[in-house]
Amino acid sequence: MPELPEIETIRLGLLPHLKYALVRDLVVRNPRFRWPIPSTLSAQLRGARILDLSRRAKYLLIVCDRGHLIAHLGMSGSLRLVSGDRVIGKHDHYDLVLANGRIVRFTDPRRFGSLHWTSEPPEKYALLANLGVEPLSEAFDGEWLYHASRGRSVSIKQFLMDQHHVVGVGNIYANEALFRAGVHPHIPAHRVGLERCTRIVTAIKHTLDLALSAGGSTLRDFVNCDGEPGSFQLSYRVYDREGKLCYRCQGAIKMTRQGQRGTFYCPSCQR
DNA sequence: CTTTTGACCTGACAGC
DNA sequence: TGCTGTCAGGTCAAAA
């Protein structure tokens with residue numbers, strides 16, 4: 001499923017094809033997502049000029065001359081650039097048709113994705129307005145994490161996964177980053193000191209950078225805009241490795257559940 | 001205010 | 001073989 005590096009990979013892949021492209025149409029086959037695609041959107045988009053692509057958290061922002069199209073890929077969504085004669089699959093829910101006949105096709109078996117439109121500045125849009133700091137920005141550092149987590153009783157892992165604090169850190173990266181930082185996922189956030197906060201931040205940036213520089217990782221069924229998996233085989237050190245041996249200490253990886261999400265960790269390497 | 005739980009959806013897989 | 005049940009995931013809304 002796409003996490004932040006995967007969205008960024010898709011953005012970079014689509015950018016040369018979409019920048020300054022003219023939108024011929026938006027074809028919606030199935031508007032039923034978490035938020036329905038407004039029926040008026042197609043008409044609004046016809047003839048629009050795409051100026052740029054940007055990203056906020058895991059939202060892809062398609063900057064148009066008359067507003068912003070905001071796409072979220074949920075957990076099973078993909079955006080692929082296809083030719084006009086490509087066969088339409090069962091889960092191909094909408095097409096952004098360009099004037100040159102090429103299509104940006106959204107496929108999402110589980111329909112957790114969504115498509116939004118706003119003519120306001122995107123940062124004012126309700127779903128984006130309360131998002132936290134970007135994990136790859138300079139603002140996100142050990143000091144920031146330390147101060148932001150004071151007085152918070154939730155576990156450090158759940159804190160990191162809360163989009164109101166830091167965006168773009170999903171379950172897999174949270175598990176992996178905490179292992180790399182040597183921090184136990186169950187520790188209450190307020191009890192993680194500055195030194196460990198710094199290690200966590202470094203580990204998050206490092207893990208995201210690794211996947212990013214390799215064009216996305218092969219997280220489950222991720223494919224980039226050309227329909228290819230990421231070239232970087234992110235070998236999980238703890239995620240989905242319950243009962244297997246820790247690569248560092250040879251102890252058994254443990255699995256628990258936090259907020260209905262699987263947590264994987266090494267009890268002796270993470271404290 | 002913070003924190004927890006439920007809901008959404010469907011493919012994959014385990015167990016009968 | 002085929003049915004049923006459970007799980008995964010991101011993230012908002014509602015409940016506590």
Side-chain angles (χ1 to χ4, degrees), chain A residues 1-10 28-37 55-61 70-79 89-94 106-116 118 122 124-135 147-177 185-192 204 207-208 211 216-223 229-230 234 236 238-243 253 255-264:
Chain A
M1 87 291 333
E3 296 204 28
L4 190 147
E6 287 69 45
I7 304 298
E8 190 61 18
T9 297
I10 287 170
V28 180
R29 289 181 206 88
N30 183 352
R32 303 192 333 275
F33 292 99
R34 178 137 190 217
W35 288 274
I37 299 178
R55 179 190 59 74
R56 177 71 172 109
K58 295 177 189 170
Y59 292 93
L60 180 70
L61 308 184
I70 304 173
H72 198 287
L73 303 193
M75 68 156 285
S76 60
S78 64
L79 278 172
K90 181 180 174 187
H91 302 297
D92 294 341
H93 302 311
Y94 69 75
F106 180 68
T107 306
D108 186 6
R110 288 172 206 174
R111 306 218 323 271
F112 275 17
S114 54
L115 186 67
H116 314 262
T118 180
K124 300 251 168 111
Y125 189 71
L127 291 174
L128 306 191
N130 297 310
L131 291 174
V133 66
E134 286 285 332
H147 290 296
S149 57
R150 293 313 88 184
R152 299 308 187 120
S153 61
V154 281
S155 69
I156 185 63
K157 179 182 175 237
Q158 289 177 291
F159 184 88
L160 293 172
M161 289 176 64
D162 187 332
Q163 301 289 295
H164 299 103
H165 305 136
V166 199
V167 301
V169 182
N171 195 40
I172 294 174
Y173 283 112
N175 278 298
E176 295 296 311
H186 287 90
I187 297 177
H190 70 269
R191 291 186 48 199
V192 179
I204 288 173
T207 312
L208 293 175
S217 54
T218 52
L219 291 179
R220 303 247 175 214
D221 47 9
F222 167 71
V223 292
L234 179 69
Y236 303 135
V238 287
Y239 180 76
D240 207 20
R241 297 195 65 242
E242 182 185 14
I253 301 298
M255 193 273 202
T256 57
R257 203 158 277 283
Q258 290 178 282
Q260 310 173 81
R261 289 290 174 271
T263 292
F264 301 85

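The sequence lines fix the lettering, A, B, ..., with proteins before strands; numbering per chain opens at 1.
Of all heavy-atom pairs spanning H190(A) and R152(A), the tightest one is ND1-O, 2.9 Å. Nearest heavy atom pair, residue R56(A) against residue V167(A), reads NH1-CG2, 3.9 Å. Y173(A) approaches A211(A) most closely through the heavy-atom pair OH-CB, 3.1 Å. The shortest non-hydrogen separation linking E134(A) to L4(A) is OE1-CD1, 3.9 Å.
Ring-base stacking between F112(A) and dC8(B) is satisfied, the centre separation being under 5.5 Å and the plane angle under 30°.
Taking atom CG on D108(A) and atom C1' on dA8(C), their separation rounds to 14 Å, with Å as the unit. Atom CD of E242(A) is separated from atom C1' of dC7(C) by 13 Å (rounded to the nearest Å). dC9(B) atom C1' lies 10 Å from atom NE2 of H91(A), rounded to whole Å. In this structure, I70(A) atom CD1 and dC12(C) atom P are separated by 12 Å, rounded to whole Å. Summarising the geometry, the separation between CG on N171(A) and P on dG10(C) is reported as 6 Å, rounded to the nearest angstrom. R34(A) places its CZ atom 13 Å from the P atom of dA7(B), with the value rounded to the nearest Å. Rounded to whole Å, the distance from CZ on F264(A) to P on dC7(C) is 13 Å. In this structure, D240(A) places its CG atom 12 Å from P of dC13(B), rounding to the nearest Å.
In this structure, the helix from dT2(B)-dA16(C) to dC16(B)-dG2(C) shows an angle of 50° between the axis at its start and the axis at its end, each fitted on 5 base pairs and rounded to 10°.
Among the protein residues, L73(A) comes within range of no part of the nucleic acid, since none of its heavy atoms lies under 4.0 Å from any strand. Residue R257(A) is classed as a sugar-phosphate contact, given heavy-atom separations below 4.0 Å to backbone atoms only. At a threshold of 4.0 angstrom between heavy atoms, the contacts of F159(A) with the nucleic acid are absent. Counting non-hydrogen atoms under 4.0 angstrom, R111(A) reaches the backbone sugars and phosphates but no base.
With distances taken from any side-chain atom of Q158(A) to the nucleotides dG11(B), dA13(C), dT4(B), the minimum falls on dT4(B). When each of dC12(C), dT3(B), dT11(C) is scored by its nearest atom to the side-chain atoms of K58(A), the top-ranked nucleotide is dT11(C). Relative to the side chain of Q260(A), the nucleotides dG6(B), dT11(C), dG11(B) differ in distance, and dG6(B) lies closest. Comparing atom distances between the W35(A) side chain and each of dT4(B), dA13(C), dG11(B) picks out dA13(C) as nearest.
The phosphate of dT10(B) has neither OP1 nor OP2 within less than 4.0 Å of any side-chain N or O from K90(A). The shortest distance between the side-chain N/O atoms of Y59(A) and the OP1/OP2 oxygens of dC12(C) is below 4.0 Å.
Q163(A) contributes no side-chain N or O that, together with a main-chain N or O of A57(A), makes up a donor-acceptor pair within less than 3.5 Å. Not a single donor-acceptor pair under 3.5 Å links the side chain of R110(A) to the backbone N or O of G74(A).
Between the side chain of E3(A) and the base of dG10(C) there is no donor-acceptor pair of N/O atoms closer than 3.5 Å. With hydrogens and angles ignored, no donor-acceptor pair closer than 3.5 Å exists between the side chain of R110(A) and the base of dC8(B).
For H72(A) and F33(A), the gap between ring centers reaches or exceeds 6.0 Å.
Projected onto DNA chain B by closest heavy-atom contact, H165(A) and R32(A) fall at different nucleotides, the more 5' of which corresponds to H165(A).
The aromatic rings of F106(A) and H93(A) are tilted relative to each other, their planes meeting at an angle between 30° and 60°.
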